[in-house]
Amino acid sequence: MAWSALYLVNFLWAMAGSSTQSRSSCSVPSAQQPLVNGLQVLMENSVTSSAFPNPSVLIAMNLAGAYNLEVQKLLTYQLMASDAADPTIGQLALTIMALTSSCRDPGNRVSILQGQMENWVPSSTSTQASTFYGPSLAILALCQKNPETTLPIAARFAKTLLANSSPFNMDTGAMATLALTCMYNKIPVGSEEGYRVLFGQVLKDIVENISIRIQDNGIIGSIYSTGLAMQALSVTPEKPKKEWNCKETMDTILNEIEQGKFHNPMSIAQILPSLKGKTYLDVPQVSCSPDNEVQPTLPNQPTTVPTSASNITVIYTINNQLRGVDLLFNVTINVSVKSGSVLLVVLEEAQRKNPMFKFETTMTSWGPLVSSINNIAENVHHKTYWQLLSGKTPLNEGVADYIPFNHEHITANFTQY
């Protein structure tokens with residue numbers, strides 16, 4: 001999510017409703033461009049006829065300029081064929097933006113989404129901040145289609161954000177910034193000035209919350225929340241008090257890419273637009289003129305001699321102490337797996353050794369999510385879920401991506417939010 005900008009350009013954005021800005025001071029150096037190209041190829045290669053159709057991947061692909069046009073067409077057709085009435089508000093909004101970025105008519109999805117947002121209300125003023133992520137996406141998608149009819153919906157959403165008292169969530173804050181910036185830039189001529197004041201006030205509060213979470217090395221929140229936060233800071237009309245060093249953020253992210261930290265297609269989809277100088281506000285401006293496939297310049301891969309991996313031991317605990325849940329337990333097992341194995345392999349081995357560790361997963365755009373352990377399943381109505389921790393620190397990668405180290409203690413804790 002980001003780049004440094006001139007105030008004059010920001011003014012022109014606000015007048016024109018555009019997100020394009022001068023990012024020459026915060027761009028990928030030409031010597032490291034093959035690294036970014038390789039990241040995009042990795043993301044595009046994740047698209048298959050049997051894979052979960054991820055609209056975020058298609059948006060990133062179109063904003064960056066797809067290398068594999070066949071893959072682009074496949075994912076577009078998969079999303080066109082998806083059930084418009086089935087997905088969550090967030091997934092529906094992403095699908096609308098993905099199809100828009102492919103110059104395809106999203107059909108009745110826009111009216112369905114508008115109806116859902118007209119009826120949307122949070123359960124309380126202390127509703128967990130992450131639950132506003134989907135509605136933020138919805139406001140953004142609707143703003144890009146019809147800002148005038150979205151205005152009252154966006155105003156109600158903005159007031160709800162102001163009244164919310166739950167702890168700040170980086171991804172939600174960044175997406176809400178993109179959504180309300182879109183609305184701020186597209187307030188119809190003749191509308192009440194109160195709308196601009198309201199959106200400006202909410203944006204100022206959110207951007208300050210994002211700003212105070214910028215680390216000394218430029219990472220914003222975590223490495224996986226930085227992509228969306230960069231987008232937000234690059235377009236907001238309300239600048240934070242603390243100046244953001246975009247180049248420092250870019251340099252650190254490129255170093256993390258070089259270290260292999262971005263390999264999940266969803267994590268790539270969220271960082272790639274910023275690496276290409278784009279944001280989600282650019283979706284309506286994507287050009288869909290037919291182009292020949294471009295063969296990207298990729299980084300040179302050093303020749304490695306394969307070696308047999310040694311085994312490591314992972315200490316794995318499953319814990320449920322929630323009152324009102326039938327089965328309480330706290331059980332630990334030592335699991336031996338090959339060094340370099342992902343956490344999912346550890347869970348599978350634990351399940352093989354002891355039936356108490358039986359687990360189930362649900363496929364999401366981020367990959368498989370643990371939804372049930374020992375027959376205790378997450379429940380959205382009870383606000384319960386399985387949280388995975390290393391020691392006492394929540395994992396910021398999924399089970400198909402996180403690689404445990406030797407003697408690491410992983411805990412699956414049944415938690416209520």
Side-chain angles (χ1 to χ4, degrees), residues 32 34-48 50-52 54 57 217 219 222-227 252-272 298-319 331-354 357-371 373 386-413:
Q32 290 175 288
L35 196 65
V36 176
N37 296 344
L39 204 65
Q40 181 174 341
V41 169
L42 181 62
M43 180 190 74
E44 292 188 8
N45 287 346
S46 72
V47 179
T48 65
S50 59
F52 183 88
N54 188 339
V57 167
N217 63 357
I219 292 299
S222 74
I223 63 170
Y224 300 113
S225 64
T226 298
T252 302
I253 284 295
L254 289 170
N255 182 60
E256 295 288 352
I257 293 171
E258 204 161 10
Q259 300 300 316
K261 295 293 180 67
F262 288 87
H263 45 80
N264 180 292
M266 186 63 176
S267 68
I268 298 173
Q270 290 197 339
I271 194 66
L272 187 61
L298 301 177
N300 294 323
Q301 299 295 333
T303 303
T304 57
V305 178
T307 58
S308 56
S310 58
N311 275 24
I312 64 169
T313 298
V314 179
I315 306 157
Y316 176 42
T317 297
I318 54 174
N319 178 60
V331 188
T332 299
I333 189 173
N334 289 344
V335 180
S336 178
V337 296
K338 293 290 185 183
S339 176
S341 298
V342 295
L343 183 54
L344 185 60
V345 174
V346 174
L347 271 58
E348 289 170 344
E349 179 62 13
Q351 177 179 247
R352 188 188 68 80
K353 293 178 68 175
N354 185 335
F357 287 82
K358 175 186 176 184
F359 73 99
E360 296 177 4
T361 61
T362 302
M363 183 53 68
T364 72
S365 56
W366 280 90
L369 176 75
V370 175
S371 55
I373 297 177
W386 282 101
Q387 183 182 44
L388 293 166
L389 306 101
S390 172
K392 296 182 179 180
T393 305
L395 299 184
N396 59 11
E397 290 184 277
V399 291
D401 296 296
Y402 185 77
I403 300 176
F405 55 83
N406 195 24
H407 300 303
E408 183 173 9
H409 191 173
I410 298 291
T411 300
N413 189 39

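For the numbers below, each heavy atom of this structure counts, side chains included, while hydrogens, waters and symmetry mates do not.
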Exercise for the section: List for me each residue that meets ring pair (Phe, Tyr, Trp, His ring centres under 6.0 Å) alongside F357, sequence neighbours excluded, and say none if there are none. Expected result: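 Checked F357 against ring pair (Phe, Tyr, Trp, His ring centres under 6.0 Å); matches are Y316.
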
Using every non-hydrogen atom in the two residues, find where [X] and [Y] come nearest and quote the distance to one decimal.
{"X": "P368", "Y": "V399", "answer": "O-CG2, 3.6 Å"}
{"X": "P404", "Y": "V346", "answer": "CG-CG2, 4.1 Å"}
{"X": "M43", "Y": "I268", "answer": "CB-CG2, 3.7 Å"}
{"X": "L388", "Y": "A412", "answer": "CD2-CB, 3.6 Å"}
{"X": "V337", "Y": "E349", "answer": "CG1-CB, 4.3 Å"}

Working to the nearest 0.5 angstrom, can you tell me the gap between [X] [atom1] and [Y] [atom2]?
{"X": "E360", "Y": "Q351", "atom1": "CD", "atom2": "CD", "answer": "9.0 Å"}
{"X": "Y402", "Y": "L395", "atom1": "OH", "atom2": "CG", "answer": "5.5 Å"}
{"X": "I223", "Y": "I271", "atom1": "CD1", "atom2": "CD1", "answer": "9.0 Å"}
{"X": "F262", "Y": "L35", "atom1": "CZ", "atom2": "CG", "answer": "11.0 Å"}
{"X": "N319", "Y": "N413", "atom1": "CG", "atom2": "CG", "answer": "4.5 Å"}
{"X": "L39", "Y": "E44", "atom1": "CG", "atom2": "CD", "answer": "11.0 Å"}

Sub-3.5 Å donor-acceptor pair from the side chain of [X] to the main-chain atoms of [Y], do we have one?
{"X": "T252", "Y": "N217", "result": "yes"}
{"X": "K261", "Y": "I253", "result": "no"}
{"X": "S390", "Y": "T393", "result": "no"}

Exercise for the section: Starting from the C-alpha separation in whole Å, work towards a yes-or-no answer on side chain to side chain contact (heavy atoms under 4.5 Å, CB included) for L344 and F359. Expected result: CA-CA 10 Å; L344 185 60; F359 73 99; 3.9 Å; yes

With a 4.5 Å cut-off on side-chain heavy atoms, are [Y] and [X] touching?
{"X": "L343", "Y": "I403", "answer": "no"}
{"X": "I318", "Y": "I333", "answer": "no"}
{"X": "W366", "Y": "Q270", "answer": "yes"}
{"X": "I315", "Y": "T411", "answer": "no"}

Problem - salt bridge (Lys or Arg N to Asp or Glu O under 4.0 Å): pairs with one or both residues in residues 389-407, sequence neighbours excluded - result: none

Exercise for the section: Kindly state each residue pair satisfying side-chain hydrogen bond (donor to acceptor under 3.5 Å, both in side chains) with at least one member in residues 338-348, sequence neighbours excluded. Expected result: none

Problem - Audit row: S336, N311, side-chain hydrogen bond (donor to acceptor under 3.5 Å, both in side chains) steps and yes/no - result: CA-CA 6 Å; S336 178; N311 275 24; 3.0 Å; yes

